[in-house]
Amino acid sequence: MSDELKPVLEGFFTTGDKPALLGSRCTKCGTYYFPKLEGFCRNPDCDCSQFESVELSRTGTLWSFTNACYKPPEPYVAAEPFEPYAIAAVELDKEKMVILGQVVAGVGVDQLKAGLPMELVVESIPDLVEPAGKLVWKWKPMTEGGAA
Amino acid sequence: MSDELKPVLEGFFTTGDKPALLGSRCTKCGTYYFPKLEGFCRNPDCDCSQFESVELSRTGTLWSFTNACYKPPEPYVAAEPFEPYAIAAVELDKEKMVILGQVVAGVGVDQLKAGLPMELVVESIPDLVEPAGKLVWKWKPMTEGGAA
Amino acid sequence: MTQEIAIIGAGMHPWGKWGRKFVEYGVEAAREALADAGINWRDVDFVSGAATMRCGYPGYVAGATFAQALGWQGAEVNTSYAACASGSQALAAARAKILAGQAEVALVIGADTTPKGFLAPAKGERPDDPDWVRFRVGITNPTYFALYARRRMEIYGDTQEDFARVKVKNAAHGFTNPKARYRKQFTMEDVAGSAMVADPLRLMDVCATSDGGAALIVCSLDYAKKIGKANAPRVAAISTVTPTFASAVIEMPDLATDSAVVADAQSFRAALPKKAYEEAGIGPEDVSVAEVYDLSTALELDWMEDLQLCARGDAAKLLRDGATKIGGRIPVNPSGGLACFGEAVPAQAIAQVCELTWQLRGQSGDRQVEGAKVGITANQGLFGHGSSVILKR
Amino acid sequence: MTQEIAIIGAGMHPWGKWGRKFVEYGVEAAREALADAGINWRDVDFVSGAATMRCGYPGYVAGATFAQALGWQGAEVNTSYAACASGSQALAAARAKILAGQAEVALVIGADTTPKGFLAPAKGERPDDPDWVRFRVGITNPTYFALYARRRMEIYGDTQEDFARVKVKNAAHGFTNPKARYRKQFTMEDVAGSAMVADPLRLMDVCATSDGGAALIVCSLDYAKKIGKANAPRVAAISTVTPTFASAVIEMPDLATDSAVVADAQSFRAALPKKAYEEAGIGPEDVSVAEVYDLSTALELDWMEDLQLCARGDAAKLLRDGATKIGGRIPVNPSGGLACFGEAVPAQAIAQVCELTWQLRGQSGDRQVEGAKVGITANQGLFGHGSSVILKR
Ligand SMILES: [Zn+2]
Ligand SMILES: [Zn+2]
């Protein structure tokens, strides 16, 4: 289906059946970073500058959520007419970090609740150059249709 | 001749036979400003914010000079091929200030010397929109052909 | 060595959308502050400006820009930038200069002109710029505040009505403030009737941006005494700590928090007033009045807890009980807060201190907090910036 | 109260055109400075960054950007901007913080990445912007330096050969400096053969812009003693005065000087070291070595006179006599100066202090000024900024 589409950001995530965000992991202290970090580890007790590229956990727990009721400014490319979308902040257990992303189309804030298990998927969003849009990571409630 | 041309900067100078730079004069302490100042007098002992528009002295004494051997970046519009021009810093006796400007075409640094009496004139310089160019103030040595 | 300096002058140009240059707002505020202090501009030996990134080079070098506009007189100069905490950083620079014995009197000053229309990011594909990246994937500014607000609802049971109550309270406070931009006594219905921006926050829950300018004249305690102002309010503490890794709250413009796998998660907002209380040697129980950064209505409730004015999760109850209204136990944002001002970035943290100065002097008229003795401010900017200032008399 | 602080660490990322992010240069310089000081990053309780306006928001908040890159550890932070004097302002902020007793150890840091190609002003008709106006009428950056240079020729009889001699001297100084970008022993013929840019200045008379990063670890004298560095070089003075109206020298980007009809004309450049000498309680006769801002070769001669190292008009004679070479009476720019570095704006004033630190420690190898006891820096930025720092041991 959408496998032909290009990602909206190169090197930020994998696509396919089991998409995952791509982060960095410090080879010395093990701290994770998203997006990928270059340069120096941000752990003040670590002086390492070597990172390995890693796929972050594909699932997590909903920390909080909101939505975008108005069309965001550029560089966001909105569908016309603009359709509001929900946004999720999801906590990854293994990496102990919270990561933002849109929620899949069709799921609104009324179907969300803190603590919900969430899964990473890819969906397309409009693009200025590609008529079919580009792929972006999104969060999807793991219980069908959300918890509401 | 060039009376039809527009000035490169509106409100910076008068044109005609006896062109003059337009400055501000503080109505309280008498300090002059070029370009015109809005807001507050910059004399630390003056709290005035009223200025009158004045014509500055049309003549002065050459304080120093140089030239531009390379084409300046935008927003300068250079003739093609670029012709170097001289630049003068001229001291006005009454206003006790030094003011910069190009030197009239045809006068190079080898014809200039500190202390020369200088006079304000207007000449055209190229413009992106106006094919005939726009007017700008320039300094001209008062002794014919310079002191060299 | 004492860590206190005196505030002998405060001045503000009214907030609004005036369409003039930021320098003019700043100079008017400075002149008001100088007149309030009863000193001459030439008496100032240090100018500490808060920068604005919106007004080109004059904004980047705000300290020098204001010094020139007031008239070059050889004062030393500083320009600080720390996003929303710029004003506090400028105050901190002036305090250190005075306490080090290198200046007696300083002007602390910030002003801003907001651009017309939407503040759009620069064009082009810029995947190296975190700000560009988050806009590209649809994460706008209100998102962050809405996530914090929703988290309160999920964890503490706060409601949208609670958030609206903050707006109504602050509107009532700022109604008579001549420096405020919005002076209307909004009702719960007004808030509920305004458009949803980022659920659960409506248009009236989030603050606008404004033009404005604020200035303070601060000096050594000796100098204050010398000019007969020994009883002037004092700056007792300024905290400008940075976060501690691993920072647990997601901050604009990031898409992720720090990972806490090898270091414990830390709350940056709570760390700011903690350092201020330690420095002032007082506790939250000593506070008479607080000015906090209500970028959103819900954020005011977070600040109340970060300031330890109540336990975690209890802020909405305090609000409902009227404790944070003028006349209540611990009035919050008697100025009207950002709800009534709209943020003028480099001026805002200074304006908070202006308000506390007037409160501690008992000069706040209709919005006076009776017997105010200790005031605290709090704000947080981007990129690990934030501040908390304590004033006392 | 003492006005001195100790410099216990200095570090620089080599100057050049490396094409990396400014943060990386700064972090490398900071790590070198920390290692030089023999302390841990967590021992730093104040980070004082010099901003760059060229690298977006991370550059505006350089202090916080470096603190995050080194790892958030809760230090207080400051970001200063003062054009070419930004590094000195950052050092001044750290000094005041330490002298006020609010910090023991501070990191002072600045770094820059220069843009590729010409730095063009923003587009459009902007007659309100003095920078736009002067470019529109053909007044470019080298104009200002050329006017000063020509004035020397007209008044003092300096020659273009004198200016070339500055370049040749500084090239010889910087030839073995591992941190310098240009390491070639240019000859008088090389300079004379380079293209004329703004008469009388040739390409080799004016300085380029570079990538680079510099960092200092500074601390209280007590702390230096505690860690066994009681003999570390000290900062004895920092002057960051603004001009005094009426400022008599035409400055970028202005088209006119102040009018001196009601106030006497003043020399800003001369005022900077004057304040520094007063603060340090020493005079020009005590100076062993100077690092000055040779934005043009001719400007180095102006600085020698502003620093009172010789009488007005005598600088070229000193130069011709070899007094300003290493081994001469008063070596100027032993580092090689901007001639060998090219300016990395927020790092440059810090780099000057790094060089003096190494000189005063006797660690400068081939470019060591024997027995250096007192060093002074001088620079001048735009918009009324400038600085002069005195180090002594
Ligand atoms: Zn690590
Ligand atoms: Zn006046």
Side-chain angles (χ1 to χ4, degrees), chain A residues 8-12 21 23 25-26 29-35 38 42-46 56 62-78 84-89 91-92 94-102 108-110 112-115 125 127 134 136-138, chain C residues 117-155 195-203 242-250 253-265:
Chain A
V8 69
L9 288 158
E10 205 64 58
F12 275 58
L21 295 171
R25 185 174 176 274
C26 174
C29 77
T31 295
Y32 294 91
Y33 295 93
F34 178 79
E38 283 176 10
R42 291 179 174 178
N43 172 358
D45 297 314
C46 181
L56 302 182
L62 190 58
W63 183 81
S64 189
F65 54 94
T66 180
N67 62 10
C69 299
Y70 287 91
K71 194 172 90 168
E74 291 178 37
Y76 192 74
V77 184
Y85 52 86
I87 294 167
E91 202 162 9
L92 306 187
K94 189 176 91 178
E95 293 84 357
K96 293 192 180 169
M97 64 199 298
V98 171
I99 297 188
L100 302 189
Q102 290 191 22
V109 290
D110 50 345
L112 298 172
K113 192 168 173 37
I125 55 171
D127 185 74
K134 281 184 177 169
V136 74
W137 76 92
K138 292 194 181 181
Chain C
F118 224 43
L119 193 68
K123 304 270 175 188
E125 291 267 326
R126 294 182 293 107
D128 282 346
D129 175 354
D131 208 41
W132 187 91
V133 166
R134 56 115 178 178
F135 272 110
R136 182 66 191 92
V137 302
I139 310 296
T140 61
N141 292 12
T143 300
Y144 296 86
F145 302 107
L147 289 171
Y148 309 152
R150 173 60 67 174
R151 180 77 182 167
R152 289 195 66 84
M153 295 172 71
E154 299 285 304
I155 302 300
M196 189 71 83
V197 173
D199 186 281
L201 300 178
R202 297 177 177 278
L203 199 55
T242 47
T244 297
F245 183 86
S247 198
V249 172
I250 192 139
D254 294 333
L255 286 173
T257 60
D258 286 342
S259 149
V261 287
V262 293
D264 288 344

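Residue numbers start from 1 in every chain, and the chains themselves are labelled A, B, ... in the order their sequence lines are given, proteins ahead of strands. Reckoned from all heavy atoms, side chains included, excluding hydrogens, waters and symmetry mates.
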Relative to chain A, which of C:A248, C:A149, C:A260 shows the most heavy atom pairs under 4.5 Å?
C:A260

Region of C:F145 that comes under 4.5 Å of a non-hydrogen atom in chain A
neither

Might you point out which heavy atoms bring C:P253 and C:D131 nearest each other, and give the distance in Å?
CB-OD1, 3.2 Å

Taking atom NZ of A:K96 as the centre, does the number of heavy atoms from other residues, nucleotides or ligands within less than 6.0 Å exceed 12?
no

Which atoms of C:A263 approach chain A - backbone, side chain, both or neither, heavy atom under 4.5 Å:
neither

What's the separation between atom CH2 in A:W137 and atom CD1 in A:I99, rounded to the nearest 0.5 Å?
8.5 Å

Donor-acceptor pair, A:Y85 side chain versus C:G138 backbone, under 3.5 Å?
yes

Bottom line for C:L255: the part with an atom under 4.5 Å from chain A's heavy atoms is both

With a 3.5 Å distance limit and no angle check, can you tell me whether C:E154 reaches the backbone of A:A114 through a side-chain donor-acceptor pair?
yes

Looking only at heavy atoms and a cut-off of under 4.5 Å, which of C:V137, C:V249, C:T140, C:V133 has the most pairs with chain A?
C:V137

What part of C:N141 is in contact with chain A, defined as an atom under 4.5 angstrom from a non-hydrogen atom: side chain, backbone, both or neither?
neither

Pair count under 4.5 Å, heavy atoms only, with chain C: among A:C29, A:C26, A:A68, highest is A:C29

Heavy-atom proximity to chain C below 4.5 Å, by part of A:K94
backbone

Give the member of A:L9, A:L21, A:L92, A:V136 that has the highest number of heavy-atom pairs under 4.5 Å with chain C.
A:L9

Side chain, backbone, both or neither: which part of C:T143 has a non-hydrogen atom closer than 4.5 Å to chain A?
both

C:S259 and side-chain contact (heavy atoms from CB on, under 4.5 Å): which single residue from C:V261, C:T257, C:V262 fits?
C:V261

To the nearest 0.5 Å, atom CG of C:D254 lies from atom CE of A:M97 at 9.5 Å

